[in-house]
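Before anything else, here's the structure in question.
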Amino acid sequence: MRTSVVIVGAGPAGLLLGQLLLKAGVDNIILEQRSAEYVLGRIRAGVLEQGAVRMLEEAGVGARMHALGHEHGGFDLLFDGQRHRIDLKGLTGTSVMVYGQTEVTHDLMDARAATGGVTVYEAEDVSIHDFDGTAPKVRYRKDGQTHEIDCDFIAGCDGFHGVCRKSVPEKSIKNFERVYPFGWLGVLVDQPPLHHELIYANHERGFALCSQRSLTRSRYYVQVPLSEKVEDWSDERFYDELRSRLDPEAAANLKTGPSLEKSIAPLRSFVAEPLRFGRLFLAGDAAHIVPPTGAKGLNLAASDVHYLSTGLIEHYRKGDSRELDAYSHKALARIWKAERFSWWMTSILHRFPDAGDFGHRIQQADLEYLVSSKAAMTSLAENYIGLPY
Ligand code: APR
Ligand code: PHB
């Protein structure tokens, strides 16, 4: 078998890259270790920057997003019992789109099926070879048989635990990492959101977030120590904890119901450098992780795919490799800014076990400055809506 680009991983990064390449006439095969149902069952964040919206439109999957997604012109920050609205639209002229990642993945899968793109689900033991030479190969097993694909390039879109980054010799890659001493306990529920926009709360009991997927489906989170076990959290205990971290009006508006999903996610910042190793390119969570505060994960995958797809398409269309050569540098410059923003938003909104009194006062000062300075709010807003690309 032969194709131009083998894409490992059918998450949003792999599917979006595959779709943009197909549209430009660059053939590709996606190899995914899980089933399509499994991929669609993963619950992740749901806030899209305008850049990601534009990329999805370019990939031809904008229609359902525009019909079902909701534009949000702002969000609330809650601390010391007071809510402060961050007027994203007023400060930057731009809003964000609230549309779940599950839906994005669904739309991309449908589009790929409609364009006849090949995706091999349940591809086992994917391994990548010879990417430091001119003729890379990718092997996998499916239904007991081993297959080999010859290609020009490999795109490692296989997430943080994938095989691509791990196949790079240790001496060629540098990893940067910060692990946070807490996680997010999240609940998905079929009830209307308690507020029409998102609320991010810093409370003495810990961070809380009131998010949403639609007018009838809500997503809530509370910060918990990493030692917590999800089995110890009944729905009732979760809602009581959430209410205790909100202002009376928000708490009174919380509509509860049986959780559709409940899980604890650890928080991590991670970047691998560089993003290119010969004919292997890393993109999305395979290359970097952000803590979920600010919802940059999917948005960063989209900007990586913008730079990478541009590079690959120019290589095939014009025989011009300058954009491809610039991929790692250009993508990393934006990645680090989103890493900084996610780290900062995490640090002002969470309770850190080792912050001490000094750390706590600094955090308070950061929040008070933020909501009293138009310059500070504009900086928050322009990062939240997404830096340009
Ligand atoms: N072989 C094949 N596929 C693999 C392998 C492997 N060895 N390892 C992982 N995968 C698949 C995973 O099953 C997953 O479907 O790669 C895919 C990676 O998808 P994501 O983890 O969603 O990563 P990405 O596409 O970069 O998405 C970035 O979306 O999922 C969120 O938190 C993520 O918000 C971030 C954004
Ligand atoms: C979510 O809806 O899951 C979500 C929204 C905003 C965030 C993080 C997660 O900052």
Side-chain angles (χ1 to χ4, degrees), residues 6-18 29-49 52 70 72 75 77 96-105 108-109 119-128 138-142 154-167 184 186-188 193 197-200 207-214 217-221 261 263 265 267-268 270 282-305 308 338 341-342 345-346 349 384:
V6 171
I7 300 171
V8 186
L15 287 167
L16 182 58
L17 177 64
I29 295 176
I30 301 184
L31 300 179
E32 165 60 51
Q33 68 176 0
R34 305 285 190 171
S35 66
E37 296 70 39
Y38 182 96
V39 171
L40 284 172
R42 291 190 295 233
I43 311 287
R44 280 156 171 181
V47 178
L48 301 178
E49 299 170 350
H70 290 270
H72 283 207
F75 63 83
L77 278 182
V96 290
M97 172 75 86
V98 172
Y99 188 60
Q101 181 172 319
T102 309
E103 302 307 323
V104 170
T105 309
L108 286 165
M109 281 181 176
T119 310
V120 181
Y121 286 98
E122 297 174 310
E124 296 164 53
D125 297 337
V126 173
S127 60
I128 62 174
V138 181
R139 289 197 199 111
Y140 66 98
R141 275 194 317 117
K142 169 96 184 167
I154 301 168
C157 299
D158 49 349
F160 184 64
H161 299 288
V163 67
C164 291
R165 191 183 70 251
K166 289 183 193 138
S167 305
W184 280 17
V187 157
L188 187 70
E197 291 176 343
L198 275 60
I199 303 175
Y200 290 84
F207 169 78
L209 169 59
C210 305
S211 181
Q212 51 194 270
R213 292 287 177 271
S214 69
R217 184 170 281 193
S218 305
R219 179 70 165 157
Y220 297 114
Y221 299 94
E261 195 261 4
S263 55
L267 272 70
R268 181 197 301 271
F270 172 88
L282 301 179
D285 277 18
H288 44 75
I289 295 289
V290 285
T293 334
K296 291 295 174 213
L298 173 58
N299 292 299
L300 265 189
S303 58
D304 289 356
V305 167
L308 183 54
F341 176 67
S342 308
M345 220 173 144
T346 302
L349 291 173
Y384 194 90

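Just so you know, these numbers come straight off a predicted model, no measurement behind them. Atoms within a ligand are numbered from 1 in the order they appear, just like the ligands themselves.
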Val98, portion touching ligand 2 at heavy-atom distance under 4.0 Å: neither

Whether Tyr384 and Phe75 hold their rings parallel, tilted or perpendicular, with breakpoints at 30° and 60°: tilted

Contact atoms of ligand 2, heavy-atom distance to Ala45 under 4.0 Å: 1 (C), 3 (O), 4 (C), 9 (C)

Ligand-residue contact atoms, ligand 2 with Leu198, heavy atoms, under 4.0 Å: 5 (C), 6 (C)

For atom 13 (O) of ligand 1, the protein heavy atom that lies nearest, with its residue and separation: Glu32 OE2, 2.6 Å

Proximity of Trp184 to ligand 2 by residue part, where a heavy atom lies under 4.0 Å: side chain

For atom 7 (C) of ligand 2, the protein heavy atom that lies nearest, with its residue and separation: Tyr200 OH, 3.4 Å

Atom 6 (C) of ligand 1 - nearest protein heavy atom and its distance: Gln33 OE1, 3.6 Å

Nitrogen or oxygen atoms of Ala295 and ligand 2 under 3.5 Å apart: yes

Protein heavy atom at shortest distance from atom 32 (O) of ligand 1: Asp285 OD2, 2.9 Å

Heteroatom proximity flag, His161 to ligand 1, N/O under 3.5 Å: no

Shortest protein heavy-atom distance from atom 25 (O) of ligand 1, along with the residue and atom involved: Ala13 N, 2.9 Å

Element-labelled atoms of ligand 2 that are located less than 4.0 Å from some non-hydrogen atom of Tyr221: 1 (C), 3 (O), 9 (C)

Side chain Asp125, main chain Arg141, donor-acceptor under 3.5 Å: no

Protein heavy atom at shortest distance from atom 30 (O) of ligand 1: Arg44 NH1, 2.2 Å

Contacting atoms of ligand 2, where contact means under 4.0 angstrom from a heavy atom of Ser211: 1 (C), 2 (O), 4 (C), 5 (C)

Heavy atom of the protein closest to atom 29 (O) of ligand 1 (residue, atom name, distance): Gln101 NE2, 2.9 Å

Best match, Leu31, Val126, Ile30: closest heavy atom to atom 1 (N) of ligand 1: Val126

For Pro292, the ligand 2 atoms whose distance to one of its heavy atoms is below 4.0 Å: 7 (C), 8 (C), 10 (O)

Lys296 heavy atom under 4.0 Å from ligand 1: no

Atoms in ligand 2 flagged as close to Arg213, the criterion being non-hydrogen separation under 4.0 Å: 1 (C), 2 (O), 3 (O)

side-chain contact (heavy atoms from CB on, under 4.5 Å) assessment of Leu17 paired with Asp304: CA-CA 9 Å; Leu17 177 64; Asp304 289 356; over 6 Å; no

Mode of Asp158 contact toward ligand 1 - side chain, backbone, both, neither (heavy atoms, under 4.0 Å): both

Residue-ligand contact Ala45/ligand 1, heavy atom below 4.0 Å: no

Numbered atoms and elements of ligand 2 in range of Gly46, under 4.0 angstrom, heavy atoms: 1 (C), 2 (O)

Sub-4.0 Å atoms of ligand 2 with respect to non-hydrogen atoms of Gly294: 10 (O)

Heavy atom of Pro12, distance to ligand 1 below 4.0 Å: yes

